[in-house]
Undergrad: 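Questions regarding the structure given below will be posed in turn.
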Amino acid sequence: MSLDQAAYLELLAHGAPVEAYDRPVLLARAHGVGAASLAAIEHAKQLALRVRAELEGRRRREAELSALFETAHDLAGLRDLDAVLRAIVQRARSLLGTEVAYLSLNDPVAGDTYMRVTEGSVSARFQQVRLGMGEGLGGLVAQTARPYVTESYFDDARFEHTGPIDAAVRDEGLVAILGVPLTLGSQVIGVLFAADRRARVFEREQVALLASFAAHAAVAIDTANLLAETRSALSELERAHAIIQEHSGVIERASDVHDRLTELVLRGGGVDDVAAALSEVLGGTVEFTEDGPHATAADGRAGRHGDDWVAEVSAGGEVFGALVLRGHPDLDPVDQRTLERAAMVTSLLLLARRSAHDAEQRVRGELLDDLLDAPDRDPRLLRERAARLRADLDVPHVVLAARIDGPDTGSAAGPQSAARESADRQRLWSAASHLAATRSGLAAARDGGAVLLLPLGSDDTPASLARQTARQLGGTLRESVTVGASSTVASPAGDPAPIAGAYEQARRCLDALRLLGRSGQGAAAEDLGFLGLLLADPGDIDGFVHRTIGEVVEYDRRRGTDLVGTLDAYFASGMSPARTKDDLHVHVNTVAQRLERIGRLLGPDWQTPARSLEIQLALRLFGMSSAVAHRD
């Protein structure tokens, strides 16, 4: 290991700040290190920064999940509502990295909203503010029951500005504010906020995270209300005793399921584990489904669906599916809440699983990008990165280029078509990444499509792998997907250099398939005969085209004619002037004159079988090269 590598490992081990990573480079320059060594140190620096960013991202995701799990644990042993709400606000502020976080609750008696908990606030006026219903950003969140964010509060005209609110916000110095609703049933009972004293953009993941904290806060308030109701019932003596007797079993089940769900979350259980625990506690059959009936109540409550109970599993406005309780048509309200809270825990588990899956897809794409763009990487590091993804880069692989078949790139593209192309590329990348993960391969988005690096099985050929990939991607996306394959790459880790050339070969094969009218299919160069040989080694394609039909192409370029098009139509019509004039919509004498001119340019033997075969092949290659040049 070199000294610069050891220095950067030391920085990573001690969690040094970003600016510390410039020190080895500066020291090397101060000591007059050569350009090659300096470049190696700079390269080591970039790798170390990338590892640091990955570690920081993982630590951040672990901190978010840990905070959510700690909040769920707090709720399971709820004793002091204020303490739980303060913990939620503190964790929201810490994880979102904002200067201020606060929670307001509606007062139905006074008809206004008041500040319940603040964290990071320095203004006494702000901490004691009371607002009328429907005023300010919080009023907009309460009216729509949806999250809202403003990058600059005083410049935002979407909500009603009032003197007291603006004065309190100005006194606190807030600029960027994110608010998410606290809901119980169909009623918005308050708003959870995160805010900064400078302009900033809140990402979608941050909005979803704050919404999860708001859901926990609503559960805490709901649970506190239930406890208050229980205490009130106990004060009624005989009636309280009857109520306790009637509901004791339900409460025990609720406590049991809370404990079980908390344990499942802490030990990394899955969705099936949640359904199994809930089935045992509620005395019915619970299953998670991505399709079928979702919650019948639009307010997020569990609802009846025939003889079943359904609780929607969602987060941040996205619906993942539903928990369905079968064989239990009469459900106690507390058991109903238990089903709803289990759905909330399920959504957190699914969000965590998606986050891990998305991170793995990005890592797979980054590794393939490095293989394509930086073939001089250390083979040992490549093997280590591949091993973490369960990929073996020492066995033969095939590079595949895939693209969804759509309108020609030369057609007019407005905002809608551009958005559709962007969505198609994203869908194709997602499907290709999933396929690569199941095949222990790699996938990345590139050149308007996707590129895959898949291992070649003992019974596979590049052509069969291309056809199989086209079928699988097309079936997943329910669209026609064309796939071109390269020849075999013996060992991507041992010698990454051929991968870039193999990708170009796969792209040329894909373009040839589309040009030959075989869109939606998969093939390798071996499937395309002599054309495939030229695609596999395209060194003299331009020379072949120039020697064969160069005189005609040059004549068209100088005179603005289209003898190439006439020649193509002539062969397409079976060398019949009569059918050619119909295809070109000209007089037969015009066709004859053009063919005579072509004969003078190409020579008298241009219609012999051997020459006509070469000319037709040159026309195909010329058309393909024009299409590729237009695409690039």
Undergrad: If I take atom CG from residue Leu174 and atom CZ from residue Arg198, how far apart are they, to the nearest 0.5 angstrom?
TA: 12.0 Å
Undergrad: Heavy-atom distance under 4.5 Å between the side chains of Glu151 and Val201, does that happen here?
TA: yes
Undergrad: With Arg446, which residues qualify under salt bridge (Lys or Arg N to Asp or Glu O under 4.0 Å), at least two apart?
TA: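 Asp369, Asp373.
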Undergrad: When you check the side-chain N and O atoms of Thr98 and Asp196, is any donor under 3.5 Å from an acceptor?
TA: no
Undergrad: What residues, two or more places apart in sequence or in another chain, satisfy ring-ring contact (aromatic ring centres under 6.0 Å, His included) together with Phe193?
TA: Tyr102
Undergrad: Give the C-alpha distance, both sets of side-chain angles, the deciding distance and a yes or no for side chain to side chain donor-acceptor pair (under 3.5 Å) between Tyr153 and Asp166.
TA: CA-CA 9 Å; Tyr153 175 86; Asp166 287 357; 3.1 Å; yes
Undergrad: So, using ring-ring contact (aromatic ring centres under 6.0 Å, His included) as the criterion, who are the partners of His43 when residues are at least two apart?
TA: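 Result, ring-ring contact (aromatic ring centres under 6.0 Å, His included) vs His43: none returned.
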Undergrad: If I take atom OG1 from residue Thr118 and atom CD from residue Gln128, how far apart are they, to the nearest 0.5 angstrom?
TA: 10.0 Å
Undergrad: Indicate yes or no for a side-chain donor-acceptor contact from Ser433 to the backbone of Trp429 under 3.5 Å, with no hydrogens or angles considered.
TA: yes
Undergrad: For the CG atom of Leu367 and the CG atom of Leu389, what is their distance to the nearest 0.5 Å?
TA: 6.5 Å
Undergrad: Should Arg116 and Asp82 be marked as a side-chain contact (heavy atoms from CB on, under 4.5 Å) after you check the CA-CA gap, both sets of side-chain angles, and the distance that decides it?
TA: CA-CA 9 Å; Arg116 177 64 182 270; Asp82 286 337; 2.4 Å; yes
Undergrad: Looking only at heavy atoms, which two atoms of Leu103 and Ala217 are closest? And how far apart?
TA: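 Looks like CD1-CB, 4.0 Å.
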Undergrad: Considering all heavy atoms of both residues, which atom of Ala101 and which atom of Val89 are nearest to each other, and what is their separation?
TA: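 Heavy atoms of Ala101 and Val89 come nearest at O-CG1, 3.4 Å.
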Undergrad: When you compare the side chain of Ile177 with that of Tyr148, does any pair of heavy atoms fall below 4.5 Å?
TA: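 Heavy-atom side-chain distance check fails, nothing below 4.5 Å.
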Undergrad: For the backbone of Pro108 and the side chain of Asn106, can you confirm whether one donor and one acceptor N or O come within less than 3.5 Å of each other?
TA: no
Undergrad: Working to the nearest 0.5 angstrom, can you tell me the gap between His216 NE2 and Arg91 CZ?
TA: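 One gets 9.5 Å once the value is rounded to the nearest 0.5 Å.
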Undergrad: With sequence neighbours excluded, tell me which residues meet salt bridge (Lys or Arg N to Asp or Glu O under 4.0 Å) with Arg125.
TA: none
Undergrad: If you take all heavy atoms of Pro181 and Val141, which pair is closest and at what distance?
TA: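 Looking at all heavy atoms of both residues, the closest pair is N-CG1, 3.5 Å.
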Undergrad: Measure the spacing between CG of Leu131 and CD1 of Ile165 and express it to the nearest 0.5 Å.
TA: 4.5 Å
Undergrad: Taking the basic N atoms (NZ, or NE/NH1/NH2) and the acidic carboxylate oxygens, is any pair closer than 4.0 Å for Glu366 and Arg385?
TA: no
Undergrad: I need the minimum non-hydrogen distance between Tyr114 and Arg130, along with the two atoms involved.
TA: CB-NH1, 3.5 Å
Undergrad: Considering non-hydrogen atoms only, spot the tightest contact between Leu137 and Gly179 and give its length.
TA: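 Heavy atoms only, the tightest pair is CD2-N, 4.4 Å.
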Undergrad: Has the side chain of Glu160 got a donor or acceptor atom that lies under 3.5 Å from a matching backbone atom of Glu135?
TA: no
Undergrad: For Arg326, is there an ion pair with Glu287 - N to carboxylate O distance below 4.0 angstrom?
TA: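 Salt bridge flag = yes for Arg326 with Glu287.
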Undergrad: Residues in salt bridge (Lys or Arg N to Asp or Glu O under 4.0 Å) with Arg158, at least two apart?
TA: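 Result, salt bridge (Lys or Arg N to Asp or Glu O under 4.0 Å) vs Arg158: Asp156.
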Undergrad: Does the pair Leu96 and Leu178 meet the rule for a side-chain contact (heavy atoms from CB on, under 4.5 Å), with working shown?
TA: CA-CA 10 Å; Leu96 270 66; Leu178 164 63; 4.1 Å; yes
Undergrad: Check whether any side-chain heavy atom of Leu105 lies under 4.5 Å from a side-chain heavy atom of Thr113, and answer yes or no.
TA: no
Undergrad: Please list, chain by chain and in numerical order, all residues satisfying salt bridge (Lys or Arg N to Asp or Glu O under 4.0 Å) with Arg170, sequence neighbours excluded.
TA: none
Undergrad: Just to verify, which of Ile189, Asp222, Val188 counts as forming a side chain to side chain contact (heavy atoms under 4.5 Å, CB included) with Leu182?
TA: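 By the side chain to side chain contact (heavy atoms under 4.5 Å, CB included) criterion, Leu182 pairs with just one of Ile189, Asp222, Val188: Ile189.
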Undergrad: Side chain of Arg197, backbone of Val175: donor and acceptor closer than 3.5 Å?
TA: no
Undergrad: Using 0.5 Å steps for rounding, measure from the CG atom of Leu81 to the OG1 atom of Thr223.
TA: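 Here the interatomic distance stands at 9.0 Å.
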Undergrad: Is there a side-chain contact between Val324 and Trp309 (heavy atoms, below 4.5 Å)?
TA: no
Undergrad: Is it the case that Gln127 and Ser121 place a side-chain donor and acceptor less than 3.5 Å from each other?
TA: yes
Undergrad: Where is the tightest heavy-atom contact between Glu172 and Phe126, given as atom of each residue plus distance?
TA: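 Where Glu172 meets Phe126 most closely, the heavy atoms are OE1-CB, 3.6 Å.
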Undergrad: Quick check: does any side chain N or O of Ser94 sit under 3.5 Å from a backbone N or O of Gln90, one acting as donor and the other as acceptor?
TA: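 Absent.
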Undergrad: Answer yes or no on whether Arg200 is positioned over the face of Phe202, meaning its NZ or CZ is under 6.0 Å from the six-membered ring centre and within 45° of the axis.
TA: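 That pair qualifies as a cation-pi contact.
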